[in-house]
Amino acid sequence: MDEVEAKATNPILKALDFTDVLISKFEGIMLALGVIAMTINTIAAVISRYVFNSAITFTDELNMIFIVVVTYAGLSYAARNGRHIRMSAIYDSLSAKARKVLMIVMASVTSAFMFLLSFYSYYYIVEVYESGRILPALGLPVFYIYLWAPVGFFLTGLQYAFTVVKNLTESDVYLSTHIKDGYSDTASDIEI
């Protein structure tokens, strides 16, 4: 049985793939909405300020919210697409088997760290909630903004955990659930 057949019959891998697709769609929607909303808000602020000579008071607060959403939704997106920072001088010099072991260790440690950050960010949100702080212009409680932090850290932790499972079940080395280890030819990637 080859890897494709094994994947099709393994209910755990099927469930992981299904969950990964759902999370991917959620992240895509949050990133798209966040960037579009930030763009519209910024354009409205510029038009208001320079055309109508009157500033909209809450645009800075809205952009702060959108930046937080895009940042924490983007964490998991970067992990899913293998777009995280890699310092790979030692890693690249290793054999394929050693790279696979190192990738499993790195993804496991990163996953655990992301889950830990999710845990700590939850308690930070509780502290902010108990402080009763609100945004001056919008009047929203500040803790609403930071709700994205534990969600983003948790989803990123899941992505790295999925990467561990992918590397344990497949023969190739994977940077994420669908990105194989390796470098592309950057000269052919650049369009002129």
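The figures here come from the full heavy-atom set of this structure, side chains too, leaving out hydrogens, waters and symmetry mates.
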(message) I need the full list of side-chain hydrogen bond (donor to acceptor under 3.5 Å, both in side chains) pairs touching residues 124-139, with sequence neighbours left out, sorted by first then second residue.
(response)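 Output for this query is empty, none listed.
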
Quick one: ring pair (Phe, Tyr, Trp, His ring centres under 6.0 Å) partners of [X], sequence neighbours excluded?
X	result
F52	none
F26	none
Y144	none

Compare every heavy atom of [Y] with every heavy atom of [X], then report the nearest pair and how far apart it is.
X	Y	value
N41	T59	ND2-O, 2.9 Å
A149	S121	C-OG, 3.9 Å
G157	S111	O-OG, 2.8 Å
E27	A73	CG-O, 4.2 Å
I23	L158	CD1-CD1, 3.7 Å

Using the rule that two of Ile, Leu, Val, Met, Phe, Trp, Tyr join whenever any of their side-chain heavy atoms come within less than 4.5 Å, decide whether [X] and [Y] are in one cluster.
X	Y	answer
L155	I67	yes
L140	V151	yes
Y123	Y146	no
Y72	V126	no
V164	Y160	no

(request) Please indicate whether F143 has more than 12 foreign heavy atoms, meaning atoms of other residues, nucleotides or ligands, lying under 6.0 Å from its CZ. (result)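 For F143, atom CZ is crowded (more than 12 foreign heavy atoms under 6.0 Å).
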
Taking atom [atom1] of [X] and atom [atom2] of [Y], what is their separation to the nearest 0.5 Å?
X	Y	atom1	atom2	answer
L135	E61	CG	CD	4.5 Å
S24	Y77	OG	OH	8.0 Å
T71	F66	OG1	CZ	13.0 Å
S118	Y120	OG	OH	12.0 Å

(message) With ring-ring contact (aromatic ring centres under 6.0 Å, His included) as the rule and sequence neighbours excluded, what pairs involving residues 94-118 come up?
(response)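 As it turns out, the ring-ring contact (aromatic ring centres under 6.0 Å, His included) pairs with a partner in residues 94-118, which skip direct neighbours, are F115-F154.
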
Identify each donor-acceptor pair in which a side-chain atom of residues 99-106 lies under 3.5 Å from a protein atom, sequence neighbours left out, and give them as a table.
| from | atom 1 | to | atom 2 | distance (Å) |
| --- | --- | --- | --- | --- |
| R99 | NE | D181 | OD2 | 3.2 |
| R99 | NH1 | L94 | O | 2.9 |
| K100 | NZ | N167 | O | 2.7 |
| K100 | NZ | E170 | O | 2.7 |
| K100 | NZ | D172 | O | 2.7 |

(request) Please assess I65 against L138 for the test side-chain contact (heavy atoms from CB on, under 4.5 Å), listing each intermediate value before the final yes or no. (result) CA-CA 11 Å; I65 293 168; L138 291 173; 4.0 Å; yes

